[in-house]
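Worksheet: one structure, shown below.
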Amino acid sequence: MSETRVRLNRYLAASGVCSRRAADRIILTEKVKVNGRPVTELGTKIDPNVDRVTVNGRRVVASTEVIFIALNKPRGYLTTMKDERGRKCVKDLVKGVGGRVFPVGRLDKDTEGLLLFSNDGFAAHRLMHPSFGVEKVYRVTLDKPLSGKQLSSLKQGVVLVDGVARVSKVRWLQKEGEVLELTIKEGRKREVRRIFRKLGPHVIRLQRVKFGPIVLGGLSRGKWRRLSKAEISQIRKAIRIE
């Protein structure tokens with residue numbers, strides 16, 4: 001069982017809805033739902049990083065505020081909040097946020113660019129789930145241009161060991177064809193790198209420049225910023241959260 005799981009009554013109390021004892025009474029009246037389903041069993045446990053809890057139809061988050069931040073991740077950092085081997089990780093770059101946050105998905109060690117963090121597990125789960133089709137845009141620098149045949153294969157879909165990887169958009173940033181932007185809606189492990197490994201050209205640099213409605217923009221490498229209320233609203237709209 002995950003160490004992040006907590007009793008539902010404790011979660012409701014931590015969110016400021018009511019005391020634990022009062023939370024038990026509310027649970028028994030079928031007013032509390034977890035992921036859209038009524039919960040009436042006392043002692044029920046949830047995972048705050050994944051499960052969506054509502055009381056009388058209103059979302060409950062056990063934090064004073066929902067936090068979203070954007071980091072411009074440099075190369076050489078692991079997307080983890082802890083590394084037992086003492087390697088550099090993104091936790092070292094997001095100090096002073098004012099609350100506990102965790103990465104939304106991952107970028108591999110050698111990939112740089114936009115990485116989102118949040119304390120809203122439900123929203124993070126939807127952002128990463130392929131069924132919501134949230135687009136991610138990557139800027140790719142290759143060691144040589146793609147041939148016409150390779151470009152055609154890229155647009156049609158590249159067969160990987162875990163299925164066909166499909167690119168929804170391709171945009172050239174250089175006439176020579178060595179720098180391009182790819183838009184994908186999946187989030188498989190090292191997907192972009194594996195696509196080009198199959199096609200032939202070597203990836204020299206890989207940078208994510210957009211995640212859903214959020215763009216990297218001019219954020220300096222290794223720095224983070226809080227998303228605005230408007231940007232958070234755009235995220236919620238993209239993943240269909242009312």
Quick check: closest heavy atoms across [X] and [Y], and the distance to 0.1 Å?
| X | Y | value |
| --- | --- | --- |
| Val94 | Val97 | O-CG2, 3.0 Å |
| Thr183 | Val167 | O-CG1, 3.5 Å |
| Pro103 | Thr79 | CB-CG2, 3.7 Å |
| Met128 | Gly105 | SD-N, 2.9 Å |
| Val158 | Leu154 | CG2-CA, 4.1 Å |
| Gly212 | Val134 | CA-CG1, 3.6 Å |

Answer with yes or no whether the hydrophobic clustering places [X] together with [Y]; edges join I, L, V, M, F, W, Y residues whose side-chain heavy atoms lie under 4.5 Å apart.
| X | Y | answer |
| --- | --- | --- |
| Tyr11 | Ile27 | yes |
| Leu42 | Ile46 | yes |
| Leu115 | Leu182 | yes |
| Trp224 | Leu78 | no |
| Val104 | Val209 | no |

Check whether any side-chain heavy atom of [X] sits under 4.5 Å from a side-chain heavy atom of [Y], and report yes or no.
| X | Y | result |
| --- | --- | --- |
| Leu116 | Ser118 | no |
| Leu180 | Leu173 | no |
| Leu142 | Val203 | yes |
| Leu8 | Glu41 | no |
| Gln207 | Leu216 | yes |

First locate atom [atom1] of [X], then atom [atom2] of [Y], and finally report the distance between them rounded to the nearest 0.5 Å.
| X | Y | atom1 | atom2 | answer |
| --- | --- | --- | --- | --- |
| Ile214 | Leu227 | CD1 | CG | 5.0 Å |
| Asn9 | Asp24 | CG | CG | 4.5 Å |
| Ser147 | Leu199 | OG | CG | 8.5 Å |
| Leu151 | Trp172 | CG | CH2 | 5.0 Å |
| Leu219 | Leu71 | CG | CG | 7.0 Å |
| Lys91 | Phe117 | NZ | CZ | 11.5 Å |

If the condition is side-chain contact (heavy atoms from CB on, under 4.5 Å), which residues does [X] pass it with, not counting sequence neighbours?
| X | result |
| --- | --- |
| Val161 | Arg194 |
| Lys88 | Tyr77 |
| Arg58 | none |
| Glu186 | Arg188, Glu191 |

Quick one: side-chain hydrogen bond (donor to acceptor under 3.5 Å, both in side chains) partners of Ser168, sequence neighbours excluded? none
side-chain hydrogen bond (donor to acceptor under 3.5 Å, both in side chains) partners of Ser220, counting only residues at least two apart: none
In chain order, what residues pass the salt bridge (Lys or Arg N to Asp or Glu O under 4.0 Å) check against Arg197, with sequence neighbours excluded? none
For Arg225, give me all partners under salt bridge (Lys or Arg N to Asp or Glu O under 4.0 Å), at least two apart in sequence or on another chain. Glu231
Are Thr54 and Val60 close enough, and set up right, to give a side chain to side chain contact (heavy atoms under 4.5 Å, CB included), and what steps lead you there? CA-CA 5 Å; Thr54 61; Val60 173; 5.9 Å; no
Inter- and intrachain pairs under ring-ring contact (aromatic ring centres under 6.0 Å, His included), touching residues 129-150, at least two apart: His125-His129
May I have the step-by-step check of side chain to side chain contact (heavy atoms under 4.5 Å, CB included) for Leu146 and Phe196, ending in yes or no? CA-CA 10 Å; Leu146 288 174; Phe196 286 101; 4.1 Å; yes
Examine distances only and state if a side-chain atom of Lys223 and a backbone atom of Asn72 form a donor-acceptor pair shorter than 3.5 Å. no
Measure from the side-chain N and O atoms of Ser233 to the backbone N and O of Lys229, and report whether any donor-acceptor pair falls under 3.5 Å. yes
For residues 102-113, which residue pairs pass the salt bridge (Lys or Arg N to Asp or Glu O under 4.0 Å) check, not counting sequence neighbours? Asp108-Arg190, Asp108-Arg193, Glu112-Arg205, Glu112-Arg221
Would you mind listing every salt bridge (Lys or Arg N to Asp or Glu O under 4.0 Å) that reaches into residues 121-143, with sequence neighbours excluded? Arg139-Glu181
In residues 28-38, what donor-acceptor pairs under 3.5 Å come from side-chain atoms, sequence neighbours left out?
| from | atom 1 | to | atom 2 | distance (Å) |
| --- | --- | --- | --- | --- |
| Thr29 | OG1 | Ile26 | O | 2.6 |
| Asn35 | OD1 | Arg52 | N | 2.8 |
| Asn35 | ND2 | Asp51 | OD1 | 3.0 |

